[in-house]
> 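Provided herewith is a single structure, encoded as structure tokens, for subsequent inquiry.
Chain A is the first sequence line, chain B the second, and so forth, proteins listed ahead of strands; every chain is numbered from 1. Small disclaimer: the values here were computed from a predicted structure and weren't measured.
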Amino acid sequence: GAVVSQHPSWVICKSGTSVKIECRSLDFQATTMFWYRQFPKQSLMLMATSNEGSKATYEQGVEKDKFLINHASLTLSTLTVTSAHPEDSSFYICSARWHTGELFFGEGSRLTVL
Amino acid sequence: GNSVTQMEGPVTLSEEAFLTINCTYTATGYPSLFWYVQYPGEGLQLLLKATKADDKGSNKGFEATYRKETTSFHLEKGSVQVSDSAVYFCALILYNTDKLIFGTGTRLQVFP
């Protein structure tokens, strides 16, 4: 199957700093990628849909200026958490759509904001 | 609204025991239903799926049947192995959309 990789797998940062998380499709091109976040003991919640070469589509309640998504190539989407605060601490997961329509997921990135 | 409810874990079993992880859903229209599995240190992987009522998805000895009358999609395996230890997510996708709605995940721990 296809492989999707996220980096970093975990990151700790100070409040007020920005953090970038990368999502790469390693062996296929993905025009569409998705970003999710998961709080402890809660469901994965879709944050936004990332389309290569165009602006991301954000879900209701997700601040687009807070969570910047860039899908500049067919194999890379990035999520930047700007001016991070402790409440942004979460597990962030990306997925990429394969040509069959099936979704392949990254390993996830755990963000801790101190 | 649309949602998925899973039993809380962890589920702890001995090797060769029978496994059931309950999943029920609420959805408008006719969703497709999925089970994803996440092994330690890896991304979510599609385990099985069913796209219409009474369909049975199966893979690696796991099975789940799409029950419209009870809005359920329970995951079962007759004899679990230590290597099945992972987190299992039930999910649905609404017709003509590409938005997966997940349950909270259930951690399965299998001991020898």
> Let me know if Tyr36(A) has heavy atoms under 4.5 Å from chain B in its side chain, its backbone, both or neither.
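Interface part for Tyr36(A): side chain.
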> Treat each ILVMFWY residue as a node, draw an edge where side-chain heavy atoms are under 4.5 Å apart, and state whether Ile93(A) and Ile21(A) are in one component.
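No; Ile21(A) is not reachable from Ile93(A) via cluster members.
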> May I ask you to test the Cys94(A)-Trp35(A) pair for a side-chain heavy-atom distance under 4.5 Å?
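The answer is yes, as the side chains (C-beta and beyond) meet within the 4.5 Å cut-off.
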> May I ask you to check whether Phe73(B) and Phe34(B) place their ring centers less than 6.0 Å from one another?
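Centroid separation for Phe73(B) and Phe34(B): 6.0 Å or greater.
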> Quick one: does any side-chain atom of Ser25(A) pair with a main-chain N or O of Phe28(A) as donor and acceptor, under 3.5 Å?
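Such a contact is found between Ser25(A) side chain and Phe28(A) backbone.
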> Can we call the ring centroids of Tyr58(A) and Phe67(A) under 6.0 Å apart?
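Distance test on ring centres: not under 6.0 Å, no.
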> Where does Phe89(B) contact chain A at under 4.5 Å (heavy atoms): side chain, backbone, both or neither?
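The side chain, not the backbone.
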> Determine whether Thr106(B) and Val87(B) make a side-chain contact, defined as any pair of heavy atoms from C-beta on separated by less than 4.5 Å.
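No, their side chains stay 4.5 Å or more apart.
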> Checking an interface table here. Which of residues 38-52 of chain B come within a heavy-atom distance under 4.5 Å of chain A?
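Result: Gln38(B), Gly41(B), Glu42(B), Gly43(B), Leu44(B), Leu46(B).
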> According to a 4.5 Å side-chain heavy-atom criterion applied to Ile, Leu, Val, Met, Phe, Trp and Tyr, with indirect links allowed, do Met33(A) and Leu103(A) form part of one hydrophobic cluster?
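Unlinked, Met33(A) and Leu103(A) end up in two clusters.
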> Are the side chains of Leu111(A) and Val81(A) in touch, meaning some heavy atoms are under 4.5 Å apart?
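Side-chain contact under 4.5 Å: yes.
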> Quick check for you: among Ser95(A), Gly108(A), Ser9(A), Ser43(A), which has the greatest number of heavy-atom pairs under 4.5 Å with chain B?
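Looking at each of Ser95(A), Gly108(A), Ser9(A), Ser43(A) in turn, Ser43(A) comes out on top.
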> Tell me, side chain or backbone of Leu100(B) under 4.5 Å from chain A's heavy atoms, or both, or neither?
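Contact with chain A: backbone and side chain both.
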> Heavy-atom distances under 4.5 Å only: say whether Leu46(A) touches chain B with side chain, backbone, both or neither.
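Leu46(A) touches chain B through side-chain heavy atoms alone.
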> Given side chains that start at C-beta, do those of Thr80(A) and Asn70(A) come closer than 4.5 Å, heavy atoms only?
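Not touching, per the 4.5 Å side-chain cut-off.
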> Is Gln38(A) in contact with chain B via its backbone, its side chain, both, or neither, using a 4.5 Å heavy-atom distance?
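Answer is side chain: those atoms of Gln38(A) sit under 4.5 Å from chain B.
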> Only pairs of heavy atoms separated by less than 4.5 Å count here; which of Val4(A), Thr32(A), Thr49(A), Leu44(A) has the most with chain B?
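Most heavy-atom pairs within the cutoff with chain B belong to Leu44(A).
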